[in-house]
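In what follows, a single structure is set out as structure tokens and then discussed.
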Amino acid sequence: MEKHRVLFVFGTRPEAIKLAPLIHQMRKEVEFDVRVCSTAQHREMTDQVVRFFGLPVDYDLDLMRPGQSLPSLTARLFSALAPVLADVTPDLLIVQGDTTTAFAAAMSGFYSRARIAHIEAGLRSHNKFAPFPEEVNRTLISHLADFHFAPTAQAERNLREEGIKENVWVVGNTVIDALFLALDLLERNEHVWVREELLSLDFSKRILLVTAHRRENLGGPLREICLAVQDIVGAFPDVEVVFPVHPNPRVQEVVQKMLGGVRRVHLLPPLTYPEFVWIMRRSYLILTDSGGVQEEAPALGKPVLVMREVTERQEGIEAGVARLVGTDRGRIFRETASLLTNPEAYAAMAHAENPYGNGDSCAKIIGVLKQVFSGKT
Ligand code: UD1
Ligand code: UDP
């Protein structure tokens with residue numbers, strides 16, 4: 001039996017996390033010959049995901065450079081992806097999300113006339129500069145892709161409004177499949193996966209988990225976020241802040257300078273995926289500008305304050321588990337203080353909801369792809 005050649009391309013931490021369960025499940029299907037390419041747009045942060053999930057990487061393009069600019073990264077991606085596509089000649093190229101790797105891979109796939117599947121299609125903030133450049137990356141991928149796997153009905157509607165009506169399936173988000181895998185492994189042996197520094201935190205205090213890295217938040221907004229964190233630990237002696245700091249030099253400089261040495265603020269290197277899931281579960285509240293964390297927190301019933309002006313993930317907000325608070329120091333402090341002092345306000349947000357899927361997204365995607373290849377779609 002002739003197998004269908006499927007090429008996965010990922011480059012950053014969130015793409016690797018969200019594609020890991022799909023890669024594993026597709027490798028179990030006899031009709032697919034699965035190849036995996038990591039562009040290594042992220043080096044250490046993608047490698048930790050590759051190690052945790054045991055992903056078989058056939059091509060490692062090793063593209064990350066410290067402090068890389070978008071044009072230079074994009075140029076390196078185009079140059080390095082062309083030979084991979086020529087080598088594999090995939091029947092299907094699979095990309096995920098909205099990163100520069102995902103965009104460049106989809107464009108490269110189009111140049112080589114490969115059919116393209118887009119996982120996590122249709123999210124829109126409707127603001128071209130937020131998230132930047134991800135909103136435009138994701139929109140462009142939709143216009144290059146042949147098969148669109150939308151996580152929610154809202155995402156499907158967004159695609160429809162842009163005239164993309166064929167070959168769109170609502171399947172949930174594979175981030176929930178990955179989350180369930182990690183929870184399962186942690187349940188069996190957390191000591192294997194979680195570093196001592198985390199295990200020995202003072203859990204009699206309330207843990208506030210903070211992450212920030214978006215390009216549009218670099219500079220002034222990130223400084224506001226750090227000032228808000230200073231205000232929060234100053235006003236609430238029973239709060240410990242855990243802040244895994246993104247390795248981007250423009251994040252490191254500001255965060256280390258403003259929060260290094262501040263009492264009850266733990267600045268950590270990026271955590272491994274199981275560690276991050278572990279600490280999310282033990283957190284009282286999460287403050288973040290991340291996309292993926294906005295999807296995971298509702299599944300864990302953890303209130304999230306989203307430090308952005310707009311979000312392409314409205315479902316968590318509508319479910320009442322997430323709240324958009326922007327990046328103003330005073331507003332972040334007030335919203336956090338309200339949840340720390342008002343048990344009713346907290347309880348209203350702290351309920352588990354799964355607007356982004358039930359952990360069966362990969363099975364649904366594979367079901368669709370089998371139909372596509374058997375000619376039934
Ligand atoms: C990228 C994605 C963003 C995603 C984020 C996930 C784009 C345009 N942006 O942004 O959508 O939310 O990844 O974290 O694709 N670095 C390291 N080691 C690493 C990773 C990064 O040192 O393992 C440093 C490097 O100096 C690198 C810088 O971080 O140049 C920025 O990385 P880059 O991938 O360009 O942008 P992110 O902000 O991480
Ligand atoms: N994450 C992680 N370690 C950390 C912080 C986050 O493994 O120290 C995981 C998190 O669980 C989520 C993903 O990384 O699945 C989100 O990545 P990020 O915030 O970098 O990117 P975004 O989702 O904003 O594109």
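Both counts, for ligands and for their atoms, begin at 1 and track the order of listing. None of the values given here were measured: they were computed from a predicted structure.
- The nearest heavy-atom contact from the protein to atom 25 (O) of ligand 2 is Pro14 CG, 3.5 Å.
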Open item on the list: Between Arg43 and Asp62, does the salt bridge (Lys or Arg N to Asp or Glu O under 4.0 Å) criterion hold? Intermediate values first, please.
Closed with: CA-CA 7 Å; Arg43 186 70 276 176; Asp62 197 23; 2.8 Å; yes

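- Salt bridge Asp238/Arg206: present, at least one basic N to carboxylate O contact under 4.0 Å.
- Atoms of ligand 2 lying under 4.0 Å from at least one heavy atom of Pro244, given by number and element, are 8 (O).
- Residue contacts with ligand 1 for Arg214 involve side-chain atoms from C-beta outward but no N, CA, C or O (heavy atoms, distance under 4.0 Å).
- Scanning all protein heavy atoms for the shortest distance to atom 29 (O) of ligand 1 gives Asn248 CA, 3.2 Å.
- The closest donor-acceptor contact from the side chain of Asn158 to the backbone of Gly122 lies under 3.5 Å.
- Protein heavy atom in closest approach to atom 9 (C) of ligand 2: Ile17 CD1, 3.7 Å.
- Residue Met45 approaches ligand 1 through these ligand atoms, each under 4.0 Å from one of its heavy atoms: 14 (O), 19 (C), 20 (C), 23 (O).
- Arg65 O, 2.8 Å is the protein heavy atom nearest to atom 30 (O) of ligand 1.
- Using a 4.0 Å cut-off between heavy atoms, His213 contacts ligand 2 through its side chain alone, with no backbone atom that close.
- Inclusion of Leu271 in the set of residues having an N or O under 3.5 Å from an N or O of ligand 2 is warranted.
- Atom 7 (O) of ligand 2 has Tyr273 CA, 3.3 Å as its closest protein atom, hydrogens excluded (heavy atom only).
- Gly292 N, 2.7 Å is the protein heavy atom nearest to atom 23 (O) of ligand 2.
- Between Lys18 and ligand 2, not a single N/O pair is under 3.5 Å apart.
- Atoms of ligand 2 found under 4.0 Å from any heavy atom of Pro270 (numbered from 1 in listed order, with element): 8 (O).
- Ligand 2 has no nitrogen or oxygen under 3.5 angstrom from a nitrogen or oxygen of Arg308.
- Remark: side-chain polar atoms of Arg308 are paired, donor with acceptor, to backbone N or O of Asp289 under 3.5 angstrom.
- Counting only heavy atoms from C-beta outward, the side chains of Tyr284 and Leu340 approach each other to under 4.5 Å.
- Here's the thing with Ser290: one of its N/O atoms is less than 3.5 angstrom from an N/O atom of ligand 2.
- Contact annotation for Phe276 and ligand 2: only side-chain heavy atoms (C-beta onward) come within less than 4.0 Å of the ligand.
- Residue contacts with ligand 1 include Leu70, since one of its heavy atoms falls under 4.0 Å from the ligand.
- Distances below 4.0 Å separate heavy atoms of Gly67 from the following atoms of ligand 1: 25 (C), 26 (O), 27 (C), 30 (O).
- At a heavy-atom distance under 4.0 Å, only side-chain atoms of Pro14, from C-beta outward, approach ligand 1.
- Counting only N and O atoms by type, the side chains of Thr100 and Gln41 include no donor and acceptor under 3.5 Å apart.
- The residues Glu120 and Arg138 are annotated as salt-bridged, a charged nitrogen and a carboxylate oxygen being separated by less than 4.0 angstrom.
- Nearest protein heavy-atom contact of atom 22 (P) of ligand 2 is Gly291 N, 3.6 Å.
- Contacts with ligand 1 closer than 4.0 Å are made by heavy atoms of both the backbone and the side chain of Glu44.
- In this structure, a donor-acceptor pair under 3.5 Å is absent between the side chains of Glu162 and Ser142.
- When non-hydrogen atoms are compared, ligand 2 lies under 4.0 Å from the side chain of Glu296 (C-beta onward) but not from its backbone.
- No side-chain heavy atom of Thr152 sits under 4.5 Å from any side-chain heavy atom of Pro355.
- Using modelled atom types, one finds no donor on one side chain facing an acceptor on the other under 3.5 Å when comparing Thr272 with Gln48.
- The closest approach between Arg250 and ligand 1 stays at or above 4.0 Å for every heavy atom of the residue.
- In this structure, of Arg43, Gln41, Met64, the residue bringing a heavy atom nearest to atom 17 (C) of ligand 1 is Met64.
- One side chain, Thr211 or Thr288, offers a donor N or O that lies under 3.5 Å from an acceptor on the other.
- Side-chain atoms of Glu309 and Glu216, non-hydrogen and from C-beta on, never get closer than 4.5 Å to each other.
- Counting heavy atoms closer than 4.0 Å to ligand 1, residue Pro133 contributes side-chain atoms (C-beta onward) but none from N, CA, C or O.
- Taking only nitrogen or oxygen atoms, main chain and side chain alike, Val277 does not reach within less than 3.5 Å of ligand 2.
- Side-chain polar atoms of Thr101 and Thr39 form a donor-acceptor pair below 3.5 angstrom.
- Remark: side-chain polar atoms of Lys302 are paired, donor with acceptor, to backbone N or O of Ser283 under 3.5 angstrom.
- Distance from atom 17 (O) of ligand 2 to its nearest protein heavy atom, with residue and atom name: Arg13 NE, 3.6 Å.
- The side-chain tip of Arg115 points at the ring of Phe373 from less than 6.0 angstrom away and within 45° of straight on.
- Here the options are Val277, Ile279, Leu271, the test is side-chain contact (heavy atoms from CB on, under 4.5 Å), and the partner is Glu275; only Leu271 passes.
- For a threshold of 3.5 Å applied to N or O pairs, the pair formed by Arg13 and ligand 1 contains no separation below that value.
- Here atom 39 (O) of ligand 1 lies nearest to His42 when heavy atoms of His42, Arg215, Gln68 are compared.
- Aromatic ring orientation, Phe203 versus Trp278: perpendicular (interplanar angle above 60°, classes split at 30° and 60°).
- Considering Asp47, Thr99, Thr100 only, the shortest heavy-atom separation from atom 8 (C) of ligand 1 involves Thr100.
- With a heavy-atom cut-off of 4.0 Å, Arg214 touches ligand 2 through its side chain alone.
- Side chain of Glu224 to main chain of Gly220: no donor-acceptor pair is present (N/O by atom type, distance under 3.5 Å, no hydrogens or angles).
- Among His213, Arg138, Glu15, Glu134, the residue whose heavy atom lies closest to atom 11 (O) of ligand 1 is Glu134.
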